[in-house]
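Shown next, in C-alpha coordinates, is the structure this report addresses.
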Amino acid sequence: MTDRIPAQIIETVDPSQPIRLTPAQSGGPIHTRSFSGRFRNLRLLGGGLLMLLYFGTVWLNWNGRQAVLWDLGRQQFHIFGATFWPQDFILLSGLLIIAAFGLFFITVLAGRIWCGYACPQSSWTWMFMWVEKITEGDRHQRIRLDAAPWSAGKLLRRTAKHGLWLAISLTTALAFVGYFTPVRELVGDLARFELGSASAFWLLFFTAATYVNAGWLREQVCLHMCPYSRFQSVMFDADTLVVSYDATRGENRGARRKGSDPRAQNLGDCIDCTLCVQVCPTGIDIRDGLQLDCISCGACIDVCDSVMDRMGYARSLLRYTSERALQGGATRFLRPRLVGYAVAMTAMIAAFVWALEARPQLSLDVTKDRTLFRENIQGQIENMYRLKLINKTQQPRQYALALGDGPFELHGQRQIGLAPGEIADLPVSVTLLDETQGFSRELRFEVSDVADPASRVSTPSTFVAPSRAPQ
Ligand code: SF4
Ligand code: SF4
(Lines give C-alpha, C1' and ligand atoms only; values in the text may rest on other atoms or scores of the structure.)
(Ligands and ions follow the chains in the order given, each with its own letter.)
Protein backbone atom coordinates (compact mmCIF):
# COMPACT_ATOMS: atom_id res chain seq x y z
CA MET A 1 0.00 0.00 0.00
CA THR A 2 1.31 3.45 -0.87
CA ASP A 3 1.46 5.64 2.21
CA ARG A 4 1.22 9.02 0.50
CA ILE A 5 1.91 10.07 -3.02
CA PRO A 6 3.79 13.25 -3.82
CA ALA A 7 1.25 15.90 -4.83
CA GLN A 8 1.83 16.55 -8.51
CA ILE A 9 -1.61 17.65 -9.53
CA ILE A 10 -2.51 18.50 -13.08
CA GLU A 11 -4.28 21.85 -12.95
CA THR A 12 -6.84 23.19 -15.36
CA VAL A 13 -7.04 26.94 -14.70
CA ASP A 14 -8.56 27.03 -18.14
CA PRO A 15 -10.10 23.56 -18.42
CA SER A 16 -9.10 23.39 -22.06
CA GLN A 17 -5.48 24.29 -21.31
CA PRO A 18 -3.99 21.90 -18.74
CA ILE A 19 -0.87 23.17 -16.99
CA ARG A 20 1.31 21.52 -14.37
CA LEU A 21 1.52 23.27 -11.03
CA THR A 22 4.84 24.12 -9.48
CA PRO A 23 5.79 21.96 -6.47
CA ALA A 24 5.17 24.98 -4.21
CA GLN A 25 1.63 25.24 -5.48
CA SER A 26 0.97 21.53 -5.25
CA GLY A 27 2.20 21.59 -1.66
CA GLY A 28 -0.21 24.44 -0.84
CA PRO A 29 -3.89 24.34 0.08
CA ILE A 30 -6.03 21.77 -1.68
CA HIS A 31 -8.68 23.44 -3.83
CA THR A 32 -11.29 20.87 -4.75
CA ARG A 33 -13.37 21.11 -7.87
CA SER A 34 -17.18 21.13 -7.75
CA PHE A 35 -18.91 17.97 -8.91
CA SER A 36 -22.22 16.19 -8.61
CA GLY A 37 -23.29 12.60 -8.33
CA ARG A 38 -24.99 9.97 -6.22
CA PHE A 39 -22.24 9.64 -3.59
CA ARG A 40 -22.15 13.41 -3.17
CA ASN A 41 -25.91 13.33 -2.56
CA LEU A 42 -25.43 10.55 -0.02
CA ARG A 43 -22.72 12.59 1.70
CA LEU A 44 -24.97 15.65 1.77
CA LEU A 45 -27.67 13.52 3.36
CA GLY A 46 -25.27 12.15 6.01
CA GLY A 47 -23.80 15.58 6.75
CA GLY A 48 -27.25 17.22 6.75
CA LEU A 49 -28.63 14.71 9.26
CA LEU A 50 -25.59 15.14 11.47
CA MET A 51 -25.96 18.94 11.46
CA LEU A 52 -29.70 18.73 12.09
CA LEU A 53 -29.05 16.47 15.05
CA TYR A 54 -26.23 18.62 16.39
CA PHE A 55 -27.75 22.09 15.96
CA GLY A 56 -31.38 21.02 16.51
CA THR A 57 -31.20 18.77 19.56
CA VAL A 58 -29.68 21.44 21.76
CA TRP A 59 -32.83 23.60 21.36
CA LEU A 60 -35.32 20.85 22.21
CA ASN A 61 -37.15 20.94 25.53
CA TRP A 62 -38.54 17.93 27.36
CA ASN A 63 -40.74 18.12 30.46
CA GLY A 64 -39.94 21.81 30.84
CA ARG A 65 -36.18 21.30 30.74
CA GLN A 66 -33.56 21.23 27.99
CA ALA A 67 -33.85 17.74 26.51
CA VAL A 68 -30.10 17.00 26.38
CA LEU A 69 -27.98 18.69 29.02
CA TRP A 70 -24.82 17.77 30.92
CA ASP A 71 -25.34 19.65 34.17
CA LEU A 72 -21.74 19.58 35.38
CA GLY A 73 -22.49 21.60 38.53
CA ARG A 74 -25.06 19.07 39.73
CA GLN A 75 -23.25 16.11 38.16
CA GLN A 76 -26.31 15.03 36.19
CA PHE A 77 -26.80 14.17 32.54
CA HIS A 78 -30.33 14.71 31.26
CA ILE A 79 -31.43 13.09 28.03
CA PHE A 80 -35.07 13.18 26.98
CA GLY A 81 -36.57 12.71 30.44
CA ALA A 82 -33.94 10.27 31.73
CA THR A 83 -31.32 11.46 34.20
CA PHE A 84 -27.92 9.82 34.59
CA TRP A 85 -25.72 10.25 37.63
CA PRO A 86 -22.01 9.63 38.13
CA GLN A 87 -22.91 6.14 39.40
CA ASP A 88 -24.49 5.41 36.00
CA PHE A 89 -21.43 6.32 33.99
CA ILE A 90 -20.55 2.67 33.65
CA LEU A 91 -23.48 2.70 31.18
CA LEU A 92 -21.76 5.45 29.24
CA SER A 93 -18.63 3.30 29.03
CA GLY A 94 -20.85 0.51 27.70
CA LEU A 95 -22.24 2.87 25.07
CA LEU A 96 -18.73 3.87 23.99
CA ILE A 97 -17.69 0.21 23.68
CA ILE A 98 -20.78 -0.49 21.54
CA ALA A 99 -19.89 2.53 19.35
CA ALA A 100 -16.31 1.25 19.01
CA PHE A 101 -17.54 -2.19 17.92
CA GLY A 102 -19.92 -0.50 15.48
CA LEU A 103 -16.96 1.35 14.01
CA PHE A 104 -14.91 -1.88 13.79
CA PHE A 105 -17.82 -3.57 12.02
CA ILE A 106 -18.29 -0.79 9.49
CA THR A 107 -14.52 -0.57 8.89
CA VAL A 108 -14.17 -4.27 8.15
CA LEU A 109 -17.23 -4.07 5.90
CA ALA A 110 -16.58 -0.83 4.01
CA GLY A 111 -13.28 0.70 5.08
CA ARG A 112 -13.16 4.33 6.04
CA ILE A 113 -16.71 5.06 4.96
CA TRP A 114 -17.55 6.70 8.31
CA CYS A 115 -14.93 9.37 7.54
CA GLY A 116 -16.40 10.18 4.17
CA TYR A 117 -20.08 10.35 5.05
CA ALA A 118 -20.71 11.01 8.74
CA CYS A 119 -17.56 12.19 10.51
CA PRO A 120 -18.01 15.69 12.00
CA GLN A 121 -14.52 16.72 10.85
CA SER A 122 -15.36 15.86 7.23
CA SER A 123 -18.88 17.33 7.41
CA TRP A 124 -17.68 20.66 8.79
CA THR A 125 -14.82 20.70 6.28
CA TRP A 126 -17.26 20.19 3.40
CA MET A 127 -19.40 23.04 4.79
CA PHE A 128 -16.37 25.34 4.97
CA MET A 129 -15.43 24.34 1.41
CA TRP A 130 -18.91 25.27 0.27
CA VAL A 131 -18.49 28.71 1.88
CA GLU A 132 -15.16 29.00 0.08
CA LYS A 133 -16.87 28.23 -3.19
CA ILE A 134 -19.66 30.81 -2.79
CA THR A 135 -17.26 33.55 -1.71
CA GLU A 136 -14.19 32.88 -3.85
CA GLY A 137 -15.58 30.88 -6.75
CA ASP A 138 -14.83 27.42 -8.06
CA ARG A 139 -11.47 25.71 -8.01
CA HIS A 140 -9.69 27.50 -10.83
CA GLN A 141 -10.96 30.90 -9.59
CA ARG A 142 -9.61 30.18 -6.10
CA ILE A 143 -6.24 29.13 -7.48
CA ARG A 144 -6.12 32.37 -9.47
CA LEU A 145 -7.15 34.37 -6.41
CA ASP A 146 -4.39 32.73 -4.34
CA ALA A 147 -1.80 33.75 -6.92
CA ALA A 148 -3.24 37.27 -7.51
CA PRO A 149 -1.80 40.32 -5.72
CA TRP A 150 -3.90 41.91 -2.97
CA SER A 151 -6.71 44.11 -4.28
CA ALA A 152 -10.05 45.44 -2.99
CA GLY A 153 -11.84 42.50 -4.64
CA LYS A 154 -9.53 39.92 -3.10
CA LEU A 155 -9.84 41.58 0.32
CA LEU A 156 -13.61 41.59 0.04
CA ARG A 157 -13.78 37.91 -0.91
CA ARG A 158 -11.35 36.85 1.78
CA THR A 159 -13.19 38.92 4.42
CA ALA A 160 -16.52 37.40 3.41
CA LYS A 161 -15.05 33.87 3.56
CA HIS A 162 -13.40 34.27 6.94
CA GLY A 163 -16.41 36.16 8.32
CA LEU A 164 -18.72 33.31 7.37
CA TRP A 165 -16.26 30.72 8.67
CA LEU A 166 -16.15 32.54 12.00
CA ALA A 167 -19.95 32.84 12.12
CA ILE A 168 -20.31 29.07 11.55
CA SER A 169 -17.58 28.41 14.11
CA LEU A 170 -19.31 30.57 16.72
CA THR A 171 -22.67 28.88 16.03
CA THR A 172 -20.99 25.50 16.37
CA ALA A 173 -19.34 26.54 19.64
CA LEU A 174 -22.63 27.95 20.99
CA ALA A 175 -24.37 24.65 20.31
CA PHE A 176 -21.52 22.69 21.88
CA VAL A 177 -21.32 24.78 25.05
CA GLY A 178 -25.14 24.78 25.05
CA TYR A 179 -25.08 21.05 25.79
CA PHE A 180 -23.35 21.89 29.09
CA THR A 181 -24.95 25.25 29.98
CA PRO A 182 -28.66 25.83 29.19
CA VAL A 183 -28.46 27.13 25.63
CA ARG A 184 -31.21 29.76 25.92
CA GLU A 185 -29.49 31.37 28.89
CA LEU A 186 -26.17 31.16 27.09
CA VAL A 187 -27.43 32.91 23.97
CA GLY A 188 -29.20 35.54 26.10
CA ASP A 189 -26.03 36.17 28.10
CA LEU A 190 -24.03 36.47 24.89
CA ALA A 191 -26.52 38.95 23.39
CA ARG A 192 -26.35 41.09 26.56
CA PHE A 193 -22.54 40.74 26.82
CA GLU A 194 -22.99 39.17 30.22
CA LEU A 195 -21.20 35.88 29.66
CA GLY A 196 -19.48 34.30 32.65
CA SER A 197 -15.72 33.81 32.33
CA ALA A 198 -15.99 29.99 32.00
CA SER A 199 -18.65 30.19 29.26
CA ALA A 200 -16.69 32.93 27.45
CA PHE A 201 -13.50 30.86 27.57
CA TRP A 202 -15.13 27.69 26.21
CA LEU A 203 -17.02 29.64 23.52
CA LEU A 204 -13.78 31.20 22.34
CA PHE A 205 -11.95 27.89 22.56
CA PHE A 206 -14.49 25.94 20.48
CA THR A 207 -14.93 28.79 17.99
CA ALA A 208 -11.16 28.80 17.42
CA ALA A 209 -11.01 24.99 17.30
CA THR A 210 -13.77 24.80 14.65
CA TYR A 211 -12.29 27.63 12.58
CA VAL A 212 -8.79 26.13 12.60
CA ASN A 213 -9.89 22.51 12.12
CA ALA A 214 -12.41 22.98 9.31
CA GLY A 215 -10.92 26.09 7.75
CA TRP A 216 -7.19 25.48 7.85
CA LEU A 217 -6.19 21.99 9.00
CA ARG A 218 -8.90 20.08 7.13
CA GLU A 219 -7.46 16.86 5.69
CA GLN A 220 -4.39 17.21 7.92
CA VAL A 221 -6.61 16.23 10.86
CA CYS A 222 -7.72 13.10 9.00
CA LEU A 223 -4.17 12.27 7.93
CA HIS A 224 -2.09 13.04 11.00
CA MET A 225 -4.27 13.66 14.04
CA CYS A 226 -7.12 11.17 13.85
CA PRO A 227 -6.21 7.87 15.58
CA TYR A 228 -8.87 6.04 13.58
CA SER A 229 -6.95 6.65 10.35
CA ARG A 230 -3.92 4.94 11.91
CA PHE A 231 -5.54 1.71 13.00
CA GLN A 232 -8.26 1.31 10.38
CA SER A 233 -5.88 0.01 7.74
CA VAL A 234 -4.96 -3.02 9.86
CA MET A 235 -8.65 -3.94 9.98
CA PHE A 236 -9.00 -4.20 6.22
CA ASP A 237 -9.10 -7.63 4.64
CA ALA A 238 -9.35 -8.83 1.06
CA ASP A 239 -13.15 -8.47 1.17
CA THR A 240 -13.34 -4.94 2.60
CA LEU A 241 -15.03 -2.50 0.24
CA VAL A 242 -12.66 0.34 -0.59
CA VAL A 243 -12.55 2.95 -3.34
CA SER A 244 -10.40 1.37 -6.05
CA TYR A 245 -9.20 2.05 -9.53
CA ASP A 246 -9.72 -0.80 -11.96
CA ALA A 247 -6.22 -0.68 -13.44
CA THR A 248 -6.85 -3.66 -15.71
CA ARG A 249 -9.59 -1.71 -17.41
CA GLY A 250 -8.12 1.78 -17.08
CA GLU A 251 -4.52 1.26 -18.24
CA ASN A 252 -2.85 2.38 -20.38
CA ARG A 253 -4.21 5.77 -19.46
CA GLY A 254 -4.04 8.61 -21.93
CA ALA A 255 -5.88 11.35 -23.80
CA ARG A 256 -7.81 10.45 -26.92
CA ARG A 257 -10.48 11.88 -29.18
CA LYS A 258 -14.05 11.21 -28.16
CA GLY A 259 -15.45 8.42 -30.29
CA SER A 260 -12.02 7.04 -31.25
CA ASP A 261 -11.21 3.40 -30.56
CA PRO A 262 -8.92 3.32 -27.50
CA ARG A 263 -7.83 -0.29 -28.13
CA ALA A 264 -6.48 0.73 -31.51
CA GLN A 265 -4.28 3.26 -29.67
CA ASN A 266 -3.28 0.74 -27.02
CA LEU A 267 -5.25 2.72 -24.42
CA GLY A 268 -7.51 1.67 -21.57
CA ASP A 269 -10.59 3.55 -20.37
CA CYS A 270 -8.78 6.16 -18.22
CA ILE A 271 -8.48 9.34 -20.28
CA ASP A 272 -6.03 10.79 -17.71
CA CYS A 273 -8.19 13.87 -17.19
CA THR A 274 -7.12 14.03 -13.49
CA LEU A 275 -10.60 15.12 -12.46
CA CYS A 276 -10.53 12.38 -9.83
CA VAL A 277 -7.51 14.11 -8.28
CA GLN A 278 -9.07 17.55 -8.57
CA VAL A 279 -12.18 16.61 -6.56
CA CYS A 280 -10.30 14.67 -3.90
CA PRO A 281 -10.48 16.45 -0.52
CA THR A 282 -7.21 14.86 0.58
CA GLY A 283 -5.44 15.62 -2.69
CA ILE A 284 -4.46 12.07 -3.62
CA ASP A 285 -4.51 10.11 -6.86
CA ILE A 286 -6.47 6.95 -6.15
CA ARG A 287 -5.09 5.45 -9.36
CA ASP A 288 -1.86 4.90 -7.43
CA GLY A 289 -3.64 2.32 -5.30
CA LEU A 290 -5.22 2.24 -1.86
CA GLN A 291 -3.77 4.88 0.43
CA LEU A 292 -4.12 5.76 4.10
CA ASP A 293 -5.21 9.23 3.04
CA CYS A 294 -8.36 8.06 1.28
CA ILE A 295 -11.45 8.82 3.39
CA SER A 296 -13.75 6.78 1.10
CA CYS A 297 -15.90 9.80 0.25
CA GLY A 298 -16.65 8.60 -3.28
CA ALA A 299 -16.06 12.03 -4.86
CA CYS A 300 -13.62 10.55 -7.38
CA ILE A 301 -16.19 7.86 -8.30
CA ASP A 302 -18.86 10.48 -9.00
CA VAL A 303 -16.63 12.57 -11.22
CA CYS A 304 -15.13 9.59 -13.03
CA ASP A 305 -18.61 8.20 -13.71
CA SER A 306 -19.53 11.54 -15.31
CA VAL A 307 -16.38 11.31 -17.48
CA MET A 308 -17.24 7.75 -18.48
CA ASP A 309 -20.76 8.91 -19.40
CA ARG A 310 -19.37 11.69 -21.59
CA MET A 311 -16.97 9.29 -23.29
CA GLY A 312 -19.69 6.68 -23.81
CA TYR A 313 -17.80 4.10 -21.66
CA ALA A 314 -19.24 1.92 -18.94
CA ARG A 315 -19.27 3.48 -15.48
CA SER A 316 -17.37 2.23 -12.41
CA LEU A 317 -13.77 2.58 -13.57
CA LEU A 318 -13.43 3.87 -10.02
CA ARG A 319 -15.74 2.10 -7.60
CA TYR A 320 -16.28 0.67 -4.16
CA THR A 321 -14.99 -2.85 -4.47
CA SER A 322 -12.79 -5.36 -2.68
CA GLU A 323 -9.30 -6.55 -3.43
CA ARG A 324 -10.73 -10.03 -4.02
CA ALA A 325 -13.26 -8.71 -6.57
CA LEU A 326 -10.56 -6.73 -8.35
CA GLN A 327 -8.59 -9.95 -8.73
CA GLY A 328 -11.56 -11.67 -10.33
CA GLY A 329 -13.12 -13.31 -7.25
CA ALA A 330 -16.42 -12.62 -5.51
CA THR A 331 -16.53 -10.42 -2.40
CA ARG A 332 -17.47 -12.44 0.68
CA PHE A 333 -19.76 -10.46 2.96
CA LEU A 334 -20.42 -13.25 5.46
CA ARG A 335 -17.02 -13.79 7.00
CA PRO A 336 -16.04 -14.79 10.54
CA ARG A 337 -14.64 -11.43 11.68
CA LEU A 338 -17.64 -9.50 10.44
CA VAL A 339 -20.10 -11.98 11.95
CA GLY A 340 -18.10 -11.91 15.22
CA TYR A 341 -18.37 -8.12 15.46
CA ALA A 342 -22.09 -8.25 14.64
CA VAL A 343 -22.76 -10.90 17.30
CA ALA A 344 -20.66 -9.07 19.93
CA MET A 345 -22.42 -5.79 19.12
CA THR A 346 -25.89 -7.35 19.33
CA ALA A 347 -25.06 -8.97 22.68
CA MET A 348 -23.70 -5.69 24.04
CA ILE A 349 -26.73 -3.72 22.88
CA ALA A 350 -29.02 -6.26 24.58
CA ALA A 351 -26.96 -6.04 27.81
CA PHE A 352 -27.02 -2.24 27.61
CA VAL A 353 -30.81 -2.10 27.22
CA TRP A 354 -31.23 -4.53 30.12
CA ALA A 355 -28.86 -2.48 32.34
CA LEU A 356 -30.73 0.67 31.39
CA GLU A 357 -34.06 -0.86 32.37
CA ALA A 358 -32.70 -2.37 35.59
CA ARG A 359 -31.03 0.90 36.63
CA PRO A 360 -32.28 1.78 40.13
CA GLN A 361 -34.29 4.98 40.28
CA LEU A 362 -33.22 5.57 43.85
CA SER A 363 -29.74 5.74 45.29
CA LEU A 364 -28.68 5.27 48.89
CA ASP A 365 -25.16 5.75 50.28
CA VAL A 366 -24.41 5.16 53.93
CA THR A 367 -21.46 6.68 55.80
CA LYS A 368 -20.76 5.68 59.38
CA ASP A 369 -19.76 8.40 61.78
CA ARG A 370 -16.09 8.41 62.79
CA THR A 371 -17.07 7.93 66.45
CA LEU A 372 -17.21 4.14 66.71
CA PHE A 373 -20.08 4.06 69.24
CA ARG A 374 -21.53 5.91 72.23
CA GLU A 375 -23.86 5.22 75.09
CA ASN A 376 -27.18 7.11 75.09
CA ILE A 377 -29.11 8.27 78.19
CA GLN A 378 -31.02 4.97 78.28
CA GLY A 379 -27.70 3.17 78.53
CA GLN A 380 -28.01 1.69 75.01
CA ILE A 381 -25.09 1.43 72.59
CA GLU A 382 -25.66 3.85 69.75
CA ASN A 383 -23.97 4.30 66.35
CA MET A 384 -24.38 7.38 64.12
CA TYR A 385 -24.72 7.36 60.30
CA ARG A 386 -25.30 9.78 57.45
CA LEU A 387 -27.61 8.60 54.66
CA LYS A 388 -27.33 10.17 51.24
CA LEU A 389 -30.52 9.64 49.21
CA ILE A 390 -31.05 10.58 45.58
CA ASN A 391 -34.39 10.63 43.82
CA LYS A 392 -33.34 9.68 40.26
CA THR A 393 -36.85 9.85 38.84
CA GLN A 394 -38.51 12.76 37.11
CA GLN A 395 -41.35 12.94 39.68
CA PRO A 396 -41.54 13.94 43.37
CA ARG A 397 -41.31 10.84 45.59
CA GLN A 398 -41.99 9.93 49.21
CA TYR A 399 -39.51 7.43 50.66
CA ALA A 400 -39.67 5.26 53.78
CA LEU A 401 -36.52 4.43 55.76
CA ALA A 402 -36.10 1.17 57.65
CA LEU A 403 -33.51 -1.32 58.90
CA GLY A 404 -33.17 -4.92 57.75
CA ASP A 405 -33.44 -7.87 60.15
CA GLY A 406 -31.32 -7.59 63.30
CA PRO A 407 -31.44 -6.46 66.93
CA PHE A 408 -31.37 -2.78 65.98
CA GLU A 409 -33.65 0.21 66.21
CA LEU A 410 -33.55 3.20 63.86
CA HIS A 411 -33.92 6.72 65.29
CA GLY A 412 -34.53 9.89 63.35
CA GLN A 413 -36.64 10.72 60.32
CA ARG A 414 -38.53 7.64 58.99
CA GLN A 415 -40.03 9.21 55.86
CA ILE A 416 -38.79 11.85 53.50
CA GLY A 417 -40.14 13.54 50.37
CA LEU A 418 -37.72 14.37 47.56
CA ALA A 419 -38.23 16.49 44.46
CA PRO A 420 -37.07 15.08 41.05
CA GLY A 421 -33.28 14.81 41.11
CA GLU A 422 -33.08 16.03 44.72
CA ILE A 423 -30.33 14.79 47.00
CA ALA A 424 -30.93 14.51 50.76
CA ASP A 425 -28.29 14.12 53.44
CA LEU A 426 -29.89 12.58 56.55
CA PRO A 427 -28.23 12.01 59.92
CA VAL A 428 -29.70 8.97 61.74
CA SER A 429 -28.76 6.89 64.76
CA VAL A 430 -29.15 3.19 65.44
CA THR A 431 -29.28 1.53 68.86
CA LEU A 432 -28.60 -2.05 69.84
CA LEU A 433 -31.57 -3.89 71.32
CA ASP A 434 -30.02 -6.99 72.82
CA GLU A 435 -27.44 -7.54 75.54
CA THR A 436 -24.91 -9.29 73.32
CA GLN A 437 -22.01 -6.96 72.87
CA GLY A 438 -18.36 -6.95 71.93
CA PHE A 439 -18.78 -7.39 68.21
CA SER A 440 -19.07 -5.65 64.93
CA ARG A 441 -22.13 -6.74 63.05
CA GLU A 442 -23.53 -5.99 59.66
CA LEU A 443 -26.78 -4.10 59.45
CA ARG A 444 -28.70 -2.99 56.39
CA PHE A 445 -30.40 0.31 55.69
CA GLU A 446 -33.43 0.01 53.46
CA VAL A 447 -35.24 2.74 51.58
CA SER A 448 -38.41 2.12 49.60
CA ASP A 449 -40.74 4.23 47.51
CA VAL A 450 -43.96 4.67 49.53
CA ALA A 451 -46.11 4.65 46.37
CA ASP A 452 -44.24 1.70 44.86
CA PRO A 453 -42.73 -0.49 47.61
CA ALA A 454 -41.17 -2.79 45.00
CA SER A 455 -38.83 0.09 44.15
CA ARG A 456 -36.35 -0.21 47.01
CA VAL A 457 -32.64 -0.19 47.70
CA SER A 458 -30.70 -1.75 50.52
CA THR A 459 -27.19 -0.72 51.56
CA PRO A 460 -25.06 -2.53 54.15
CA SER A 461 -23.03 -0.90 56.88
CA THR A 462 -21.47 -1.95 60.19
CA PHE A 463 -22.66 -1.57 63.76
CA VAL A 464 -19.86 -1.42 66.35
CA ALA A 465 -20.32 -2.26 70.03
CA PRO A 466 -17.73 -2.32 72.85
CA SER A 467 -16.08 -5.58 73.89
CA ARG A 468 -17.59 -5.27 77.37
CA ALA A 469 -20.96 -4.11 78.55
CA PRO A 470 -20.71 -0.53 79.88
CA GLN A 471 -20.75 -0.24 83.69
S1 SF4 B 1 -11.52 10.72 -13.53
FE2 SF4 B 1 -11.51 8.67 -14.36
S3 SF4 B 1 -10.83 8.97 -16.46
FE4 SF4 B 1 -10.28 10.83 -15.39
S5 SF4 B 1 -8.21 10.46 -14.68
FE6 SF4 B 1 -9.54 9.82 -13.05
S7 SF4 B 1 -9.80 7.64 -13.38
FE8 SF4 B 1 -9.02 8.48 -15.29
S1 SF4 C 1 -9.45 9.09 -3.38
FE2 SF4 C 1 -11.61 9.33 -3.88
S3 SF4 C 1 -12.71 8.40 -2.19
FE4 SF4 C 1 -10.59 8.69 -1.53
S5 SF4 C 1 -10.62 10.65 -0.46
FE6 SF4 C 1 -10.04 11.07 -2.58
S7 SF4 C 1 -11.97 11.51 -3.61
FE8 SF4 C 1 -12.50 10.56 -1.66
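Position 1 is the first residue of the sequence; numbering continues from there. Numbering of ligands and ligand atoms starts at 1, following listing order.
Remark: ligand 1 atoms within the under-4.0 Å shell around heavy atoms of Arg287 are 5 (S), 7 (S). Interface atoms of ligand 2 facing Ala299, defined by a heavy-atom separation under 4.0 Å, are 7 (S). Each of the atoms 3 (S), 8 (Fe) of ligand 2 lies under 4.0 Å from some heavy atom of Gly298. Shown in contact with Cys300 at under 4.0 Å from a heavy atom are these atoms of ligand 2, numbered in order with element: 1 (S), 2 (Fe), 3 (S), 7 (S). Atoms of ligand 1 found under 4.0 Å from any heavy atom of Cys276, numbered from 1 in the order shown, are 1 (S), 5 (S), 6 (Fe), 7 (S).
When hydrogens are left out, the protein atom nearest atom 6 (Fe) of ligand 2 is Cys280 SG, 2.3 Å; that is the closest non-hydrogen contact.
Residue contacts with ligand 2, taken as heavy atom pairs separated by less than 4.0 Å, involve Ile284 solely via side-chain atoms from C-beta onward. With a 4.0 Å heavy-atom cut-off, ligand 1 is reached by the side chain of Met308 but not by its N, CA, C or O. Under 4.0 angstrom from ligand 1, the non-hydrogen atoms of Thr274 all belong to its backbone.
Salt bridge present: Asp309 and Arg315 bring a charged side-chain N and a carboxylate O closer than 4.0 Å. Contact check on Arg287 versus Asp272 returns a salt bridge, with a Lys/Arg side-chain nitrogen under 4.0 Å from an Asp/Glu carboxylate oxygen. Between Glu136 and Lys161, at least one side-chain nitrogen of the basic residue sits less than 4.0 Å from a carboxylate oxygen of the acidic one, meeting the salt-bridge criterion.
Ligand 2 has at least one atom lying under 4.0 Å from a heavy atom of Ile295.
Here the side chains of Ser122 and Trp114 are not in contact, with every heavy-atom distance at 4.5 Å or above. Annotation: side chain of Asp71 is not in contact with side chain of Phe77 (no heavy-atom distance under 4.5 Å).
Counting non-hydrogen atoms of other residues, nucleotides and ligands closer than 6.0 Å to CG of Leu96 gives a total above 12.
For Cys294, the nearest N, O or S atom to atom 4 (Fe) of ligand 2 falls under 2.8 Å. Distance check for Cys270 against atom 8 (Fe) of ligand 1: an N/O/S atom falls below 2.8 Å.
Figure legend: cation-pi geometry between Lys133 and Trp130 absent, as NZ or CZ is not positioned both under 6.0 Å from the six-membered ring centre and within 45° of its axis.
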